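Structure, as structure tokens:
Since the structure is predicted, the reported quantities are computational estimates derived from the model, not experimental observations.
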Amino acid sequence: YFSTNPLIETDLLWDPKKLVAVARFAISPNIYVVPGKASVSSLKELLAQAKATPDMPVMDAGRGATQTMVQYMLEDAAKVTFSHIPYKGGVSYVPDIVTGILSGGVVPMNVALPLVKGGELKALAITSAKRSALLPEVPTMAEAGFADAGIDSWLGYHVPAGTPTEVMKRLADAVQDAASNSEVRARLASLGAEAAYLDTAGFESFLQTDVKRAQRAVGLMPAK
């Protein structure tokens, strides 16, 4: 939300320009899924089906949702159009993917994982830069040919501008220690996330890319 909210909201109660990056802590990938009984077994097959069958219904989790951004970036790269069905709040659309009311959509890892393991959903691609140890058989968006749609949710630390450098360094070191802790990593994995530490310079660079991608994704979406 750090990258997207300033693009879609006019009454923010916080100013991103008054915050500075400290460190990235973790990422939570998204999974592109279809109903467990769907005939398709790959993203390529789904997109081919969508080209042959216009207006296949998919979820729309809201204009600022990472999952919606993935969907629009995928469609733009593949030159395919789906029919976006809006849902209010969280992952309320997931039951409609399970039952086949929707042809598919993007689901947070922590929600998708048990349903994929149980056969209720079929995973076609993951948004992370590399395959997940939790679903090693699922290819990344980049492997499927759609690297720009590889948008993860992430967790990072910021502090008010003007915070002393030595304080920022201590905080960044603490984040690194936490991200390296085996118990913390196990807890993150249980939540469908993974430790993905970036120091201040790396996090700043990541944010520049993330903001540009958010700008592009929001630009693809219909005006509110």
Checklist entry - Under 4.5 Å between any side-chain heavy atoms of L135 and I126, yes or no? => result no
Checklist entry - Sub-3.5 Å donor-acceptor pair from the side chain of N30 to the main-chain atoms of I151, do we have one? => result yes
Checklist entry - Are Y93 and D60 close enough that a side-chain donor and a side-chain acceptor fall under 3.5 Å? => result no
Checklist entry - Got a donor-acceptor contact below 3.5 angstrom from the S92 side chain to the Y87 backbone? => result no
Next on the checklist: Run the side-chain contact (heavy atoms from CB on, under 4.5 Å) test on L121 and V98 for me, step by step, so that the C-alpha distance in whole Å, both residues' side-chain angles and the decisive distance to 0.1 Å come before the verdict.
Outcome noted: CA-CA 6 Å; L121 292 176; V98 172; 3.7 Å; yes
Checklist entry - With Q71, which residues qualify under side chain to side chain donor-acceptor pair (under 3.5 Å), at least two apart? => result Y32, E75
Checklist entry - So V34 and S103, side-chain contact (heavy atoms from CB on, under 4.5 Å) or not? Walk me through it. => result CA-CA 6 Å; V34 293; S103 61; over 6 Å; no
Checklist entry - So how far is it from T4 OG1 to Q215 CD, rounded to the nearest 0.5 Å? => result 11.0 Å
Item to check | All ring pair (Phe, Tyr, Trp, His ring centres under 6.0 Å) counterparts of F206, not counting sequence neighbours | outcome: W154
Item to check | SB check R131 E143 (cutoff 4.0 Å) | outcome: yes
Checklist entry - Which heavy atom of K122 sits nearest a heavy atom of P35, and at what distance? => result CB-O, 4.0 Å
Checklist outcome for this item: Residue pairs passing the salt bridge (Lys or Arg N to Asp or Glu O under 4.0 Å) test with at least one member in residues 190-215, sequence neighbours excluded, are none
Next on the checklist: Using the ring pair (Phe, Tyr, Trp, His ring centres under 6.0 Å) criterion, which residues pair with Y72? Sequence neighbours excluded.
Outcome noted: H84
Next on the checklist: Just to verify, what does S83 make a side chain to side chain contact (heavy atoms under 4.5 Å, CB included) with, not counting sequence neighbours?
Outcome noted: D55, I85
Item to check | Nearest-0.5 Å distance, CE of residue M73 to OG1 of residue T68 | outcome: 13.0 Å
Next on the checklist: Tell me whether L188 shares a hydrophobic cluster with V107, the cluster being built from Ile, Leu, Val, Met, Phe, Trp, Tyr side chains joined at under 4.5 Å.
Outcome noted: no
Using residues 163-181 as the side-chain source, report each donor-acceptor pair under 3.5 Å to any protein atom, sequence neighbours left out, with the distance given to one decimal.
residue: T163; atom: OG1; partner: P160; partner atom: O; Å: 2.7
residue: K169; atom: NZ; partner: D173; partner atom: OD1; Å: 3.0
residue: K169; atom: NZ; partner: D173; partner atom: OD2; Å: 2.8
residue: S180; atom: OG; partner: Q176; partner atom: O; Å: 2.9
residue: N181; atom: OD1; partner: E183; partner atom: N; Å: 2.8
residue: N181; atom: OD1; partner: V184; partner atom: N; Å: 3.0

Can you give me every donor-acceptor pair (side chain of residues 38-53, partner residue at least two apart or in another chain, under 3.5 Å) with its distance?
residue: S42; atom: OG; partner: E45; partner atom: N; Å: 3.1
residue: E45; atom: OE1; partner: S41; partner atom: N; Å: 2.7
residue: T53; atom: OG1; partner: Q49; partner atom: O; Å: 3.3

Checklist outcome for this item: In short, Q67 meets S153 closest at the heavy-atom pair NE2-OG, 4.2 Å
Item to check | Pairing residues for Q208 by the side chain to side chain contact (heavy atoms under 4.5 Å, CB included) criterion, not counting sequence neighbours | outcome: none
Checklist entry - Of all residues at least two apart in sequence or in a different chain, which pass the side chain to side chain donor-acceptor pair (under 3.5 Å) check with Y157? => result none
Next on the checklist: I need the M69 CE to R216 CZ distance, nearest 0.5 Å.
Outcome noted: 11.0 Å
Checklist entry - Looking only at atom types and distance, does a side-chain atom of R24 sit under 3.5 Å from a main-chain N or O of T200, one as donor and one as acceptor? => result no
Checklist entry - Do L191 and F25 share a hydrophobic cluster, counting only Ile, Leu, Val, Met, Phe, Trp and Tyr and linking them when any side-chain heavy atoms are less than 4.5 Å apart? => result no
Item to check | Set of residues satisfying salt bridge (charged side-chain N to carboxylate O under 4.0 Å, His left out) with respect to R185, sequence neighbours excluded | outcome: none
Checklist entry - Are side-chain heavy atoms of F82 and P57 found at a separation under 4.5 Å? => result no
Item to check | Counterpart residues, side chain to side chain contact (heavy atoms under 4.5 Å, CB included), relative to D152 (two or more places apart) | outcome: I27, P29, T127, S128
Next on the checklist: If I compare all heavy atoms of V70 with all of A149, which pair ends up nearest, and what's the gap?
Outcome noted: CG1-O, 3.4 Å
Next on the checklist: Can you give me the closest heavy-atom contact between G90 and A61, atom names plus distance?
Outcome noted: O-CB, 4.5 Å
Checklist entry - V106 and L220: same hydrophobic cluster, using ILVMFWY side-chain contacts below 4.5 Å? => result yes
Can I get a per-line list of side-chain donor-acceptor pairs under 3.5 Å for residues 111-120, giving both atom names and the distance, sequence neighbours left out?
residue: K117; atom: NZ; partner: L134; partner atom: O; Å: 3.1

Checklist entry - Are L19 and V159 close enough that some pair of their side-chain heavy atoms sits under 4.5 Å apart? => result no
Checklist entry - Rounded to the nearest 0.5 Å, how far apart are CG of L198 and OG of S205? => result 8.5 Å
Checklist entry - Any link between F146 and M56 through a network of hydrophobic side chains (Ile, Leu, Val, Met, Phe, Trp, Tyr) touching at under 4.5 Å? => result yes
Next on the checklist: Side chains of H158 and V20, heavy atoms from C-beta outward: is any pair under 4.5 Å?
Outcome noted: no
Checklist entry - What is the distance from atom CD1 of I101 to atom CE of M59, rounded to the nearest 0.5 Å? => result 15.0 Å
Item to check | Exercise: identify the closest heavy-atom pair between F203 and G156 | outcome: CZ-CA, 3.9 Å
Checklist entry - In terms of hydrophobic clustering (I, L, V, M, F, W, Y; side-chain heavy atoms under 4.5 Å; direct or indirect links), are V80 and M221 co-clustered? => result yes
